[in-house]
Amino acid sequence: MKASNGVRELLAARRTGHSLDAQFYTSQEIFDLDMEAIFGRHWIYVGVEPDIPEPGDYFTVKLGRASVVVLRNDDMELRAFHNVCRHRGAQLCNAHKGSVGNLVCPYHQWTYDLSGKLIYAEHMGEDFDPSGRGLKRVHVESVAGLIFVCLAENPPEDFARMRETMARYIGPHQLADCKIAVQDEIVEAGNWKLVMENNRECYHCVSNHPELTISLYEYGFGYQPSPSNIEQVQAFRDLTEREHARWEAAGLKSAEIDELDSCVTGFRTKRLPLDKAGESQTMDAKVACQKLLGNFGERNLGGLSFWTQPNSWHHFMSDHIVTFTVLPIGPDQTLVRTKWLVHKDAVEGRDYDPAKLTAVWRATNQQDRELVEMSQRGVADPAYEPGPYSPYTEELVEKFANWYVGRLKAAVE
Amino acid sequence: MKASNGVRELLAARRTGHSLDAQFYTSQEIFDLDMEAIFGRHWIYVGVEPDIPEPGDYFTVKLGRASVVVLRNDDMELRAFHNVCRHRGAQLCNAHKGSVGNLVCPYHQWTYDLSGKLIYAEHMGEDFDPSGRGLKRVHVESVAGLIFVCLAENPPEDFARMRETMARYIGPHQLADCKIAVQDEIVEAGNWKLVMENNRECYHCVSNHPELTISLYEYGFGYQPSPSNIEQVQAFRDLTEREHARWEAAGLKSAEIDELDSCVTGFRTKRLPLDKAGESQTMDAKVACQKLLGNFGERNLGGLSFWTQPNSWHHFMSDHIVTFTVLPIGPDQTLVRTKWLVHKDAVEGRDYDPAKLTAVWRATNQQDRELVEMSQRGVADPAYEPGPYSPYTEELVEKFANWYVGRLKAAVE
Amino acid sequence: MKASNGVRELLAARRTGHSLDAQFYTSQEIFDLDMEAIFGRHWIYVGVEPDIPEPGDYFTVKLGRASVVVLRNDDMELRAFHNVCRHRGAQLCNAHKGSVGNLVCPYHQWTYDLSGKLIYAEHMGEDFDPSGRGLKRVHVESVAGLIFVCLAENPPEDFARMRETMARYIGPHQLADCKIAVQDEIVEAGNWKLVMENNRECYHCVSNHPELTISLYEYGFGYQPSPSNIEQVQAFRDLTEREHARWEAAGLKSAEIDELDSCVTGFRTKRLPLDKAGESQTMDAKVACQKLLGNFGERNLGGLSFWTQPNSWHHFMSDHIVTFTVLPIGPDQTLVRTKWLVHKDAVEGRDYDPAKLTAVWRATNQQDRELVEMSQRGVADPAYEPGPYSPYTEELVEKFANWYVGRLKAAVE
Ligand code: FES
Ligand code: FES
Ligand code: FES
Ligand SMILES: [Fe+3]
Ligand SMILES: [Fe+3]
Ligand SMILES: [Fe+3]
């Protein structure tokens, strides 16, 4: 992959334990490289199976300049294609979501079946050979209902490890039997890596997230022990141990697995106890949906978190799931898409109230948006220089930065 | 003319019979080259004589970064100038249209007469020589009332052929005796060449233009003959032959002339029969204006079409004229300006209803805008690759692409 | 400082007595150079002491991509810092103005005292050394209440000359005892140098500023003498001489000092008589505020003007002060911030009416905005070429251009 000497020098000069150089957050060249080397070669989380429950259902997603259509075929399998007609190149599916029998180009009606094969093209003459004119395939996989695509010809093979591990963790929450209750999209005026770094620490939570910290124990996200907090830190450790034992006994995988910077397909998971009522990430820490997920009989299952490199995080509770995808738009613009899922048989108004379901994360997203935007303003300032990460509360930020720099280095070498 | 090796390679690699490479639709470098080599060196359609009927009337038009003021002088001649003051460079005419005695700069009142001569400049001292400080001239010509300008010092000489040919075709419609009943401007989020290619085929008409295809025979725009349509295709050919004979007998030139890719000043014309009532491109195919153009006594004169490279098309009926100009704004933004003209003595409300006059092309323009925009989205996608043109319905698209590539090659050589 | 050969050639080719080449107004490269060489190395006017009267008061200002926070510390001294947190680089102060005890980063609460020292940073571990992690200082100085900052490590030393000279001129108006009655911000679609050039001449005043020319004698800004105006020009000279004598006798410095292109810290000042009532730059030339500034007992003190390179101008009258700062945003976008100050004890509604106070310059600013914008449109036109300055009315424009070109040359050599 082509990269200027400037970029190579920046990569070589990266100082571990410190935030990245400004250009990683501001330069168009590095953004283009990110799109090619990171979003173009890794497994990217784009949506959930309940987005497309029926045959012919599709959604489209933008990965940099590429548009991908993800669909379910008549055999209920997932398929993904580049969303570009093979005639004169019109974008094929121009809606975010829909349902089709075949994929028909709106321009001159070239028609592709759900395997991508070109099955109709008028006026093209006797000599026209439709084979080799099918839609271009994109790799697509499901992790217990979470849909990932990979634009590379040869996707990273260690995806299987994440898929199998997470199937065991997520499985009991039965994502495929959920429906999307609410979906939000916000565009943040910041580089996608600032959005990710923000997600990878809770150093900022106590002062910035009054709603989130109702149910979230701050000790769960790294804490410098000191004489004044040593008791609480220990108490949280004991609680976690007790709860893990209880959940594992009930068949719920809970122990931390962290492959954030040790795998190409980096990820991390852990089931964490919640504070107060302990049931869900809501304003009163109680379930937001009376109809529980899967076969759960109990409400107090903590929050199973799942983080992936480069672009997602997810929280699974007993009653609902919140799932986030980060989609870069430009060096200083990023789309964050949040979906709240409940059991597909839950009835709005009876079992759940969308306002209550979304209250915590809607507020938190806006707070994080402001933090990301003030970070973008700061790193774009010529006075910015990389500063030190906390060894206690920013370990996962460092892992993100390490993974990112490592993957970029691998791509440009 | 300077062009990078990348552009030269793209030009050399162009595969005939196929849509252009993505960069032709997306790169700023090629857009700048288009403005210099295509819009800076060819005859560009910018408006009609009825835009400026009286002495001192002017209009301004933007060709890339250049603004041009086109005016009628006191001898009723057309003149065109670069719209830039020779003092400190302020834009001289800051409105789209107006009427003046002299051209007075709003900044410090330097004053130019309608021949562009600087006739007043205060405070400049005894030594100041106003000669050589006149406005810079731009070539301007009228084709039977259609105004073309050329920014080049030495404009293509074959303009005369187009002017003389088209004077015979357009003449009877007496454009100079028309008035602009309605003018629309839409900005399309697509490269100007996608706007032009869209105009050069009706492969997309049947599925996308329900209003336009009321009066337009689809067979008039290229059709692959097949056992199932051979009769209709032949019937249309017979009809055209009959109508051409009738119109020519009445003094109306009708036969096709196609110099789209055989001349520097490329153009094409043909008078085509209309369907249904056969009178006009309206929702009922009947005239939209009761007062006919010129000396016409008959309503059923078909539609005389006139297409030019690189940026216009026009339809002349017995009752009204529709004329389109394409003005590039940026690699992915284009202005399309449409004017509907009727006889200058026609009275709104009595002879014509502006809503009925514009119904077909207003709808069609919006439909084409959507097609152009989905094309732009598609060709900007890294998955796009040039696809094959239909040998039946996209012949004129191919001629546009050939002309364009040829002219660009000639400019950079 | 790095500059391309193209820029060096443009600088070398500059023709004195003529407006600048187009690229100086349109190119991103030159804009970046302007921010580095001009706004990054010279004394820039950013606000007034009454913006931050109390300890802990601060305001922020954007100089290109750099944000600077200017504050008053507990010892009532001015201090300025780069507005970037030394942790992960978030922008520290995200409001335009405010009041603080310490500077606390909103992200993770790193806390700096008003000398910029890092005094608190949680979770950073035992080994963390806060020294060397303080905010980066920016030079800041007051000129009789006008605040200037300089981003350079070694600011131009001739600032002292301007400060001492102007202290004598401005002193009696006692700016520190004023309050900001009204503040306006307008964004002009033009290069900052067009904004400055516009400010440096009144060639355009008669035709464009009906409100301003109520009180402003046009003869005060350069005029070509001619048989028809020789009497008025002489009358204005005599008036100025008489008034200067009267004002100097009353202890008010009035004589012209012009160091616009003879100093690195270029400036010019002069007290000019006003027309009509002669008191103030208002719609009736009478004072807009009944409470006079300083210890003034008389209203007719003319207008003391103060112009600086590269970005400000100011008018001091007996009753109020108007002060302007020009802040470049991009090659074709500039912020102009205007403040109207009156005595701090003046009471709105009793002593002054904000609408009357601002009427002249609000109108004038909008007129100048239009002139700047039509200039930007013109110089961006490929047909633009530098034109001649008037030797009578554009002398100060020439001095601005000379100063600018000289300073840029010095920086890139
Ligand atoms: S572009 Fe899709 S059918 Fe023509
Ligand atoms: S710029 Fe036109 S008169 Fe000065
Ligand atoms: S960025 Fe300021 S405290 Fe973290
Ligand atoms: Fe957060
Ligand atoms: Fe069309
Ligand atoms: Fe002005």
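Throughout, protein chains are lettered first and strands after them, A, B, ... in sequence-line order, and every chain is numbered starting at 1.
Put simply, OH on C:Y384 and CD on B:Q91 are 14.0 Å apart, with the number rounded to the nearest 0.5 Å. Between the SG atom in B:C105 and the CE atom in C:M374 there is a gap of 7.5 Å [rounded to 0.5 Å].
The two residues C:S375 and B:Y107 have their closest heavy-atom pair at OG-CE1, 3.1 Å.
Among C:Q376, C:E370, C:E201, the residue with the largest count of heavy-atom pairs under 4.5 Å with chain B is C:E201. Ranked by non-hydrogen atom pairs under 4.5 Å with chain C, the options B:E126, B:R86, B:K62 are led by B:R86. Considering only heavy-atom pairs separated by less than 4.5 Å from chain B, the leading option among C:N198, C:V397, C:V206, C:L194 is C:N198. Interface summary for chain C: among B:Q109, B:E122, B:H82, B:H87, the most heavy-atom pairs under 4.5 angstrom belong to B:H87. Contacts with chain B were tallied for C:L371, C:D381, C:N208, C:V372; C:D381 has the most, counting heavy-atom pairs under 4.5 Å.
Checked by atom type and distance alone, the side chain of B:R65 never pairs as donor or acceptor with a backbone atom of C:P382 at under 3.5 Å.
For a residue to count as touching a neighbouring chain, one of its non-hydrogen atoms must lie under 4.5 Å from one of that chain's; by this rule C:E373 does not touch chain B.
Put simply, the side chain of B:H108 does not reach to within 4.5 Å of the side chain of C:S390, judged on heavy atoms. The shortest distance between side-chain heavy atoms of C:P388 and B:M124 falls below 4.5 Å.
No more than 12 heavy atoms of other residues, nucleotides or ligands sit less than 6.0 Å from atom CG of B:D127. The 12-atom threshold is not exceeded at NZ of B:K117, counting heavy atoms of other residues, nucleotides or ligands nearer than 6.0 Å.
The only member of C:Y389, C:Y392, C:Y223 that meets ring-ring contact (aromatic ring centres under 6.0 Å, His included) when paired with B:H123 is C:Y223.
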